[in-house]
Amino acid sequence: MKPETQPRVPPGGGAVSQKITPRAADYARWYLDVIQHAQLADHSAVRGCMVIRPNGYAIWEKMQRALDARFKATGHRNAYFPVFIPVSFLSKEAQHVEGFAKECAVVTHHRLRAKGDKSGVEVDPESKLEEPLIVRPTSETIIWSAYKQWIQSYRDLPILINQWVNVVRWEMRTRLFLRTAEFLWQEGHTAHATEKEAVEETRRMLDVYRDFSENVMAMPVICGPKTPGERFAGAVESFSIEAMMQDRRALQAGTSHYLGQNFAKAFDVQFLNAKGEREHVYAASWGVSTRLIGALIMTHSDDLGLVLPPRLADIQVVVVPIFKTEAEKTLVLEACERTIRALEAHNLEAHCDLREGMTPGAKYYDWEVKGVPLRIEIGPRDVESGKLVLVRRFVLEEPGDDEKAIRAKKKQFLSRDEAVSKTPAILDQMQQQLYQRALAFRSKHSRTVDSLEEYERFFKKEGGGFAWTHWAGSREDEEMMAKKYQTSIRNVPFERQGPPGSDGAGKCILTGKPSARRVLMSEAY
RNA sequence: CGGGCCGUAGCGCAGCUUGGUAGCGCGUCUGCCUUGGGCGCAGAAGGUCGCGAGUUCAAAUCUCGCCGGCCCGACCA
């Protein structure tokens, strides 16, 4: 790997310095370049925190809208609980605290004062809080302390609440979107009268995440329970959706937890059931975060920049006008305006690029790096002939395609009416193609692995990916595998998600003990 | 939190070894010219050299501390 001191281009390299590092050269660098060039986020002055810029936030808003509709459709309502949590709340459930106590931001004072030399302000030592507050790393404790007030009878159940908020986890090692000290997420917290209901809720929301990942993000995922070692602290069982990034590493894109009666016991939340007996309530929680934006980038984007699935694109079609003279400008802009109105009538989000002082070519590159799915070019010759040029952000490539062939494949010359009427179907097709491309990539780099030799070869020599292996090892065995191969058990996939022959029983690749089903092993983010 | 590297104009970097006027490319602004894949020419603006101490007549440059970033490790419900 190139040392950081090495300039990315020779001095005087000019425009070359504006280029995105190709994935093959340095995948981590490419990821950061895409974020910077597409203007999704910046590092902030505070360690590990990010500024989410409008282009990045627009993606989050689209994700929120799609997810929120699914939460509402499954009976949930939104609420808001405070960002500050009394430290004493954390001692109620030791198991839960262990999980994140080492990464909590703590508020100890409530006032600043001017420094003696007027050079600034400092914490006023007189303003110490009687009880320190932590900034929420997750909200189980504050929410369950409220639920205790709300729940008396089985008639008060279920409680199905979600909140869209920021949380803080003082991470030692951060990466934009993937792991930041502060991030945005949603956390659903539900309370139920029976174990059956709470387990169903856990599985239902996992399936909501799967549906969202596949159909909105165009990102295939593997669903299943986590191993005991990877479980959420305080959960009886945790489930995850796992996606494969383009460097073949796994990324946990969402989790759903069955919490049993653990939190109800910690906060003493009991209810009277229909038989008049007191019982602790059953709970579930589930969440996805702005990490999904990182997943989106690493699933679809390419060496030209961001690639957005049409369903998450803030601008789905950008129209670039081309003209020389004032007379041409009038004609062309009028045609652009009509085209955009027609697209909007199809419920599409279209934008006309009216920026002055930029050549059309410069605009093409700009919208490509930002990932806009479709571009329409309209010039005087097009107005004359009633046609326009429709260009896709990406096409499926075939072996032997060179740069020129790909560029040609992306372009279509259509009449204005035809282009407008076909656009919804084209966007739909692009959405499907992204999913199919990601699925094909994952399949190509997934295989069953039945011996340690094969395992070592797969990860050390063949570039790795998803290894479907039988496993019956202990928690210590898992740690040994993690140290030796830098891999971990991502989850224990439900049936019919793996490569051929991945369902059914076998023998553990480490211990040789019988194993009922295969686990998903991979390097991970 | 440990090891390595880095922080100089919006972006990418040179200058630091050997202390002495703040530089380059891209971008930005103005004008002209252009516009179907990153136009061209001319002129101009833009920097507390990450922050703070120290050494020195003099610090971007040397020393120390802190803050932030990248990579590797530990950690990561």
Side-chain angles (χ1 to χ4, degrees), chain A residues 1-21 26-29 31-33 36-37 39 42-50 93 95-104 119-120 137-138 140 167 169-176 178-181 187 226 228-235 237-238 240 252 255-257 259 262 285 287 304 320-325 328-329 332 355-369 375-383 387-389 391 403-404 407 410-411 413 482-483 486 488 524-525:
Chain A
M1 204 155 292
K2 241 195 265 181
E4 287 303 308
T5 48
Q6 194 70 235
R8 282 168 51 213
V9 289
V16 181
S17 69
Q18 298 300 309
K19 288 226 171 127
I20 292 173
T21 307
D26 184 343
Y27 192 78
R29 187 92 221 177
Y31 175 74
L32 291 168
D33 282 355
Q36 195 205 82
H37 286 253
Q39 299 175 348
D42 286 340
H43 290 282
S44 80
V46 181
R47 177 199 177 93
C49 292
M50 61 178 166
E93 224 283 354
Q95 219 188 345
H96 177 239
V97 172
E98 244 175 79
F100 52 80
K102 282 173 287 192
E103 48 190 44
C104 279
S119 64
T138 177
E140 269 81 3
V167 288
R169 295 174 191 185
W170 215 258
E171 299 285 352
M172 283 304 143
R173 197 169 164 184
T174 60
R175 296 188 71 189
L176 289 177
L178 297 177
R179 176 172 283 113
T180 45
E187 46 181 328
K226 300 294 262 188
E230 300 266 340
R231 222 172 251 161
F232 173 57
E237 185 148 50
S238 290
S240 72
Q252 177 176 298
T255 51
S256 178
H257 312 285
L259 303 171
N262 291 346
S285 73
L304 300 175
V320 178
I322 301 155
F323 52 82
K324 287 182 189 154
T325 65
E328 283 175 352
K329 180 176 176 181
V332 165
R355 288 177 292 182
E356 290 177 23
M358 257 177 114
T359 60
K363 290 178 178 179
Y364 303 162
Y365 279 95
D366 189 55
W367 292 111
E368 274 167 8
V369 83
R375 179 177 75 238
I376 285 175
E377 307 168 5
I378 301 180
R381 297 205 297 269
D382 302 311
V383 176
K387 291 196 165 186
L388 51 70
V389 182
V391 188
E403 208 173 308
K404 205 173 164 189
R407 194 173 263 199
K410 289 177 179 171
K411 280 198 186 189
F413 301 84
K483 273 224 153 59
Q486 263 79 57
S488 53
Y525 277 96

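Lettering follows sequence order; numbering is per chain, from 1. Computed over heavy atoms, backbone and side chain alike; hydrogens, waters and symmetry mates excluded.
- Distance R179(A) CZ to rG73(B) C1': 14 Å, rounded to the nearest Å.
- Residue-level contact check: Q36(A) touches the backbone only, with heavy atoms under 4.0 Å from sugar-phosphate atoms and none from bases.
- Toward the 5′ end of RNA chain B lies the nearest nucleotide of G48(A), the other residue of the pair T138(A) and G48(A) mapping further downstream.
- Straight-line distance from the CD atom of E103(A) to the C1' atom of rA74(B): 14 Å, rounded to whole Å.
- Within the structure, every side-chain polar atom (N or O) of H37(A) is placed at least 4.0 Å from both OP1 and OP2 of rC11(B).
- In this structure, E187(A) and V167(A) approach most closely via the heavy-atom pair OE2-CG1, 4.3 Å.
- Applying the 3.5 Å distance criterion, the base of rC75(B) shares no donor-acceptor pair with the side chain of R173(A).
- When all heavy atoms of G234(A) and N262(A) are compared, the closest pair comes out as O-ND2, 2.9 Å.
- Side-chain polar atoms of S238(A) and E230(A) form no donor-acceptor pair below 3.5 angstrom.
- Computed from coordinates, the R29(A) CZ to rC71(B) P distance equals 9 Å when rounded to whole Å.
- One interatomic measurement links the two molecules: CZ of F232(A) to C1' of rC76(B), which rounds to 14 Å at whole-angstrom precision.
- In this structure the side chain of D382(A) never reaches within 4.5 angstrom of the side chain of F413(A), judged on heavy atoms.
- Rounded to the nearest Å, the gap between the P atom of rG47(B) and that of rG54(B) is 27 Å.
- Closest to the T174(A) side chain, of the nucleotides rC76(B), rC70(B), rC71(B), is rC70(B).
- Annotation: cation-pi geometry satisfied between R375(A) and Y364(A) (NZ/CZ under 6.0 angstrom from ring centroid, within 45° of ring axis).
- The same atom, P, is picked in rU21(B) and in rC49(B); the two are 14 Å apart, to the nearest Å.
- Base pairing of rA42(B): its partner is rU30(B), meeting the Watson-Crick or G-U wobble criterion (both donor-acceptor distances under 3.5 Å).
- In this structure, R355(A) places its CZ atom 12 Å from C1' of rG38(B), rounding to the nearest Å.
- Checked against side chain to side chain donor-acceptor pair (under 3.5 Å), W170(A) has no partners two or more places apart in sequence or in another chain.
- Comparing the same atom, C1', in rC1(B) and in rC57(B) gives a spacing of 43 Å after rounding to whole Å.
- Distance check on atom C1': rG23(B) versus rC33(B) gives 30 Å, rounded to whole Å.
- For rG37(B) and rU30(B), the C1' atoms lie 27 Å apart once the distance is rounded to whole Å.
- With both ends at atom P, the span from rC62(B) to rG20(B) equals 11 Å, rounded to whole Å.
- Of the N and O atoms on the side chains of T21(A) and D33(A), at least one donor lies less than 3.5 Å from an acceptor on the other residue.
- If you measure from atom CZ of R175(A) to atom P of rG73(B), you get 12 Å, rounded to the nearest angstrom.
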Practice prompt. Could you run through nucleotides 31-37 of chain B and give me one letter per nucleotide, 5' to 3': B if any protein heavy atom sits under 4.0 Å from the base, S if only the sugar-phosphate is that close, - if neither?
Written response: ----BBB
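- On the P atoms, rA14(B) is 13 Å away from rG50(B), given to the nearest whole Å.
- The CG-C1' distance, from D42(A) to rC11(B), rounds to 11 Å in whole Å.
- Set against rC72(B), rC70(B), rG69(B), the side chain of R47(A) has rG69(B) as its closest nucleotide.
- Taking a pair to require two hydrogen-bonding distances under 3.5 Å in either a Watson-Crick or a G-U wobble arrangement, rA53(B) pairs with rU63(B).
- Between E171(A) atom CD and rC1(B) atom P there is a gap of 14 Å when expressed in whole angstrom units.
- Atom NZ of K387(A) has 12 or fewer heavy atoms from other residues, nucleotides or ligands within 6.0 Å.
- The partner of rU35(B) cannot be assigned: no Watson-Crick or G-U wobble pair with both contacts below 3.5 Å exists in any strand.
- Shown here are the side chain to side chain donor-acceptor pair (under 3.5 Å) partners of K226(A), two or more places apart in sequence or in another chain: E242(A), Q252(A).
- Between the P atoms of rG7(B) and rC13(B), the separation comes to 9 Å (whole Å).
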